[in-house]
Amino acid sequence: MPLLTNLHNNSKAQIVLGLIFGICFGFLLQKGGVTDYNVIEGQLLLTNFTVLKVMLSAVMVGMIGFHLLKHFGYVQSHAAEGTVGSNIIGGLIFGIGFALLGYCPGTVAGAVGTGALDALFGGIVGLLIGAGIFAWLYPSLKPVLMKWPFPSVTVPEFLKLNLWVTIAILEGVMLAFLLILEHFGW
Amino acid sequence: MFEYFTLDSWSPYIAGAGIGILSCIAFLLSNRPIGCSTAFVKARGLISRAINAESVKRSEYYREIVPKVDWPFMIIPGIVIGAFISVMLSRQFQILWVPTTWGDAFGYNPVLRIAVALAGGVLLGLGSRWAGGCTSGHGINGSIQLSLASMITAACFFIGGIGIAMFLFRVIGA
C-alpha cells in the first residue's frame with residue numbers, strides 16, 4: 001500500500017508538519033496578496049479579482065495533482081456527502097461574516113502576521129466565540145445539518161461522467177474564466 | 001533567487017499554483033485537506049476546558065472535534081508565522097487598526113471597525129463550522145477532490161459575501 005500510513009499515524013511528526021504546512025500556506029497567502037482586507041473586500045465588491053485568481057489557480061493545479069496521486073494510490077479522497085441544511089445555510093452565514101470581517105479563517109491568521117489588529121481583536125476573537133456558539137448549538141442543530149442531502153458526493157457522479165472527462169471540463173471552464181478576467185484587465 | 005522571496009507580492013497565479021502543490025503534498029504526507037476553521041474549534045475547546053472542564057467533557061461537538069494541539073490546530077499559528085516571515089522579508093510589516101477600504105467608507109474610528117469585524121468573526125466561526133469548512137477546506141481542497149458539497153459551499157460563501165459587501169459599501173456606505 002503506497003499510502004504513507006506510518007507517517008500519517010505519527011502524531012508528533014504530524015504536529016510539526018501541520019506547523020510547516022501552515023507556515024508555507026501563510027507565506028503563499030501573503031505573497032498572493034490575499035491577507036490584505038482591501039483585496040478580499042475588493043473581491044466581494046467585484047473590483048479586484050485577486051482572490052479568485054489565487055483560488056482558481058490553486059484548484060487547477062491541485063485537482064490534477066491530487067487525482068494523479070490518487071490514481072497511483074498515494075492519496076485518498078475525503079469528499080463527504082453534503083446537505084442543504086449544512087452546506088448552503090452554513091455557507092451563507094459564512095458569507096455574511098466574510099463580508100463584515102473582510103477575511104476568512106485562514107487569511108485572518110495571515111493578516112494578523114502582517115500586523116492587522118482588526119484581524120486579531122475582531123477576527124480571531126470573533127472566530128473563537130463563533131466556534132463556541134456552534135459547539136453549544138450542535139446537539140440541537142444536528143437535525144438541520146442533516147436536512148436535504150445532495151444527490152451525489154462528487155461532481156463526476158453527479159454529472160454521470162468519467163473522472164478525467166470531468167476534470168478536463170472543469171479545468172477548461174476555470175482556464176476560460178481566468179482568460180476572460182485577464183482579457184478585460186480585471 | 002533569494003530576491004524573489006523579498007518581493008512585495010507575487011503573481012496571484014504563481015502563489016495560487018504554489019498553494020495547489022502544497023495542498024497535494026499535505027494530502028500525501030498528512031492525509032488531510034488544508035483547512036483552517038477546525039483550529040478555532042480546538043482552540044476554543046482548550047480555552048473553555050481551562051475555565052470549566054466539565055462543560056467540555058459533556059459537549060457532544062468536542063467529543064467529535066477533540067480540543068488538542070495537533071495538525072489541524074497548528075495550521076493557524078503556522079499561517080501567522082508564514083505571513084509574518086513574508087512581510088518581514090519584504091519589509092512591509094505594519095501595525096494597522098483600520099484598513100483603507102473600510103476607513104474611506106465608514107471612517108477611521110477603530111472602535112466601529114473592531115465591532116463590525118467582531119460581529120463578522122462570530123458569524124464566520126459559526127458559519128464555517130455549520131458548513132463543515134472554510135474557503136480553504138471547502139473552496140480549495142474540497143474542490144480539488146471534486147466534492148460537490150464543497151463547490152456548492154464555496155459558491156454560497158461568495159453569494160453571501162458579495163450580497164452583504166455590496167449592501168454595506170454600495171448602499172449604507174455609499
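Lettering follows sequence order; numbering is per chain, from 1.
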>> Heavy-atom cut-off 4.5 Å, strictly under: side chain, backbone, both or neither for A:Glu182 against chain B?
In response: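 For A:Glu182, the contact with chain B is made by the side chain alone.
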
> In terms of heavy-atom proximity below 4.5 Å to chain B, should A:Leu120 be classed as side chain, backbone, both, or neither?
Replying inline: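 When you check distances to chain B, no heavy atom of A:Leu120 falls under 4.5 Å.
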
With a 4.5 angstrom heavy-atom cut-off, could you sort out which part of [X] is near chain A: side chain, backbone, both or neither?
X        : answer
B:Tyr62  : side chain
B:Arg129 : both
B:Ser48  : neither
B:Leu168 : side chain
B:Ile140 : both
B:Ile152 : side chain
B:Met88  : neither
B:Arg170 : side chain

> Which heavy-atom pair separates A:Leu17 from B:Ser30 by the least distance, and what is that distance?
Replying inline: CD1-OG, 3.8 Å

>> Checking side chain to side chain contact (heavy atoms under 4.5 Å, CB included) between B:Pro99 and each of A:Asp36, A:Val39, A:Asp118, which is the one that passes?
In response: A:Asp118

>> Classify the ring geometry of B:Trp130 against A:Phe134: parallel below 30°, tilted from 30° to 60°, perpendicular beyond 60°.
In response: tilted

> Where does the angle between the aromatic ring planes of A:Phe98 and B:Phe158 fall among parallel (under 30°), tilted (30 to 60°) and perpendicular (over 60°)?
Replying inline: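 Rings of A:Phe98 and B:Phe158: perpendicular, over 60°.
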
>> Run the side chain to side chain contact (heavy atoms under 4.5 Å, CB included) test on A:Ile23 and B:Ile81 for me, step by step, so that the C-alpha distance in whole Å, both residues' side-chain angles and the decisive distance to 0.1 Å come before the verdict.
In response: CA-CA 6 Å; A:Ile23 292 173; B:Ile81 297 168; 4.1 Å; yes

> How about A:Trp136 and B:Tyr61: are their ring centroids closer than 6.0 Å?
Replying inline: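 Judged by ring-centre distance (under 6.0 Å), A:Trp136 and B:Tyr61 do not meet the cut-off.
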
> Judged by modelled atom types alone, do B:Ser86 and A:Lys31 share a side-chain donor-acceptor pair under 3.5 Å?
Replying inline: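 Side-chain D/A pair, B:Ser86 to A:Lys31: present.
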
>> I'd like to know whether B:Phe27 forms a ring-ring contact (aromatic ring centres under 6.0 Å, His included) with A:Tyr74, so could you lay out the CA-CA distance, the side-chain angles of the two residues, the decisive distance to 0.1 Å, and finally the verdict.
In response: CA-CA 9 Å; B:Phe27 280 116; A:Tyr74 287 101; over 10 Å; no

> So which of A:Glu81, A:Met60, A:Gln76 has the largest heavy-atom pair count under 4.5 angstrom toward chain B?
Replying inline: A:Gln76

>> Looking at A:Phe158, I want to see if its CZ is surrounded by more than 12 non-hydrogen atoms of other residues, nucleotides or ligands under 6.0 Å.
In response: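 Check fails, neighbour count at 12 or below.
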
